Protein chains: 2
Amino acid sequence: MKSKDATCDLHIIHREVVERVSEAMPPEEMLYDLAELFKVFGDSTRIKILCALQEEEMCVCDIAALLGMTQSAISHQLRILKQASLVKYRRDGKVVYYSLDDEHVSNIFAQGFAHVSHR
Amino acid sequence: MKSKDATCDLHIIHREVVERVSEAMPPEEMLYDLAELFKVFGDSTRIKILCALQEEEMCVCDIAALLGMTQSAISHQLRILKQASLVKYRRDGKVVYYSLDDEHVSNIFAQGFAHVSHR
DNA sequence: CTTAGAGTTGAATATATGTTCATATGTTCA
DNA sequence: TGAACATATGAACATATATTCAACTCTAAG
């Protein structure tokens with residue numbers, strides 16, 4: 001007779017391993033948030049924007065010109081970056097300037113670069 | 001008369017800034033690869049798998065049991081992680097054991113955790 | 001107060017992506 | 001060789017997501 005979990009009856013080969021790892025896992029919500037964060041980095045347009053803002057603050061239409069895309073597309077992506085607390089903005093007249101809002105962005109970038117360039 | 005780019009006629013407010021940042025940007029291909037890498041991290045199932053493998057190597061069906069998902073779903077995700085050089089595997093009889101294949105994974109995780117937990 | 005420029009937003013569309021289901025490999029053991 | 005098990009794979013479906021287009025807000029200047 002096989003033991004059953006609350007949700008499934010998948011069998012387990014190494015019960016001790018599964019139990020040990022299960023206890024070591026961070027809470028669901030934290031892992032979900034982590035995936036959400038990396039999802040933001042997982043788009044080449046947003047990567048380019050973050051990369052550009054690492055150099056200096058820029059306004060929306062300059063970013064659009066830099067990347068050869070429409071203001072609307074850039075604005076949509078900036079909203080996502082803003083929601084993820086990765087960029088902040090300041091308004092000067094009609095122009096809105098965006099800049100990085102996180103010290104970790106550079107570090108995350110660096111590790112990513114290390115991986116893609118190393119192999 | 002407005003100056004035109006090769007591909008578009010978007011106007012620029014701060015030409016000097018755009019030119020300076022443009023020269024500082026890494027090559028397109030590298031940024032694309034970087035986005036592809038983070039895209040792999042940008043799924044909660046894959047995050048959980050990587051998180052589990054940080055503890056110790058595991059076989060497919062144990063991972064499936066741990067996460068309460070089907071073997072097939074896990075196998076599909078492991079293929080993606082394998083293609084990204086984030087996990088490696090060894091076969092022992094019928095069982096295939098997966099483990100982390102990158103020293104940067106832990107660092108990327110750490111930075112991500114720092115961001116999500118800090119706000 | 002009207003106009004023009006900079007940016008935002010919402011709906012729509014096209015594409016990408018994760019999971020499921022069924023089937024195929026590949027390995028061990030009788 | 002054949003049965004049983006662990007894993008992998010392919011097609012299909014459902015959902016998520018990026019860009020476009022049009023309309024809208026907000027500010028500065030005439």
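Labels below follow one simple rule: chain letters A, B, ... track the order of the sequence lines, proteins then strands, and each chain is numbered from 1. Keep in mind that what you see is a predicted model, and the values were worked out from it rather than measured.
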(request) Measure the distance from CE on B:Met69 to C1' on D:dT7 and round it to the nearest whole Å. (result) 16 Å

(request) Would you grab the first and last nucleotide of DNA chain C (5' to 3') that comes under 4.0 Å of any non-hydrogen atom in chain B? (result) C:dA6 to C:dT28

(message) Strictly by Watson-Crick or wobble contacts shorter than 3.5 Å, is anything paired with C:dA30, and which nucleotide is it?
(response) D:dT1

(request) Would you check if A:Ile74 and A:Gln77 make a side-chain contact, meaning some heavy-atom pair closer than 4.5 Å? (result) no

(request) Kindly assign one of parallel, tilted or perpendicular to the pair A:His104 and B:His118, based on the angle between their ring planes and the thresholds 30° and 60°. (result) perpendicular

(request) Return the 5'-most residue of the pair A:Thr45, B:Tyr98 with respect to DNA chain D, ranking by each residue's nearest nucleotide. (result) B:Tyr98

(message) Running the 4.5 Å side-chain criterion over Ile, Leu, Val, Met, Phe, Trp and Tyr, what cluster does A:Ile13 land in, apart from itself?
(response) B:Val95, B:Tyr97

(request) Kindly confirm or rule out a cation-pi arrangement of B:Lys88 over B:Tyr98, judged by NZ or CZ under 6.0 Å from the six-membered ring centre and within 45° of its axis? (result) no

(request) Look through every strand shown and name the nucleotide pairing with D:dA14 as Watson-Crick or G-U wobble, where both distances are under 3.5 Å. (result) C:dT17

(message) Output the rounded distance in Å from CD1 (A:Ile74) to C1' (D:dT20).
(response) 13 Å

(request) May I ask you to decide if the ring planes of B:Phe41 and B:Phe109 are parallel, tilted or perpendicular, using 30° and 60° as cut-offs? (result) perpendicular

(message) Do B:Ser117 and A:Met30 have side chains that approach each other closer than 4.5 Å (heavy atoms only, starting at C-beta)?
(response) no

(request) Look at the side chain of B:Ser72 against the base of D:dT9 and say whether a donor-acceptor pair falls under 3.5 Å; ignore hydrogens and angles. (result) yes

(request) Whole angstrom is fine here: how far is it from CZ in A:Arg90 over to C1' in D:dC26? (result) 17 Å

(request) Quickly work out the B:Arg79 CZ to D:dT7 C1' distance and round it to whole Å. (result) 13 Å

(message) Please give me the minimum heavy-atom distance between A:Ala84 and B:His115, naming the atom from each residue.
(response) O-NE2, 2.9 Å

(request) Kindly say if A:Gln71 contacts the phosphate of D:dT20, meaning a side-chain N or O under 4.0 Å from OP1 or OP2. (result) no

(request) Round to the nearest Å and state the distance from B:Asp92 atom CG to D:dT7 atom P. (result) 11 Å

(request) Could you check how far NZ of B:Lys94 sits from P of D:dA6, rounded to whole Å? (result) 6 Å

(message) Both A:Val95 and A:His76 contact DNA chain C. Taking the nearest nucleotide for each, which residue is further toward the 5' end?
(response) A:Val95

(message) Whole angstroms only, please: what is the CG-P distance between A:Asp43 and D:dA16?
(response) 17 Å

(request) Tell me which residues in residues 25-42 of chain A put a heavy atom below 4.0 Å from DNA chain D, sorted by number, or none. (result) A:Lys39

(request) Compare all side-chain heavy atoms of A:Met58 with those of B:His14 and state whether any distance is below 4.5 angstrom. (result) no

(request) Nearest-nucleotide wise, let me know which of B:Ser75 and A:Arg91 is further upstream toward the 5' end of DNA chain D. (result) B:Ser75

(message) Ring of B:Phe38, cation from A:Lys39 - is the NZ or CZ under 6.0 Å from the centre and inside 45° of the axis?
(response) no

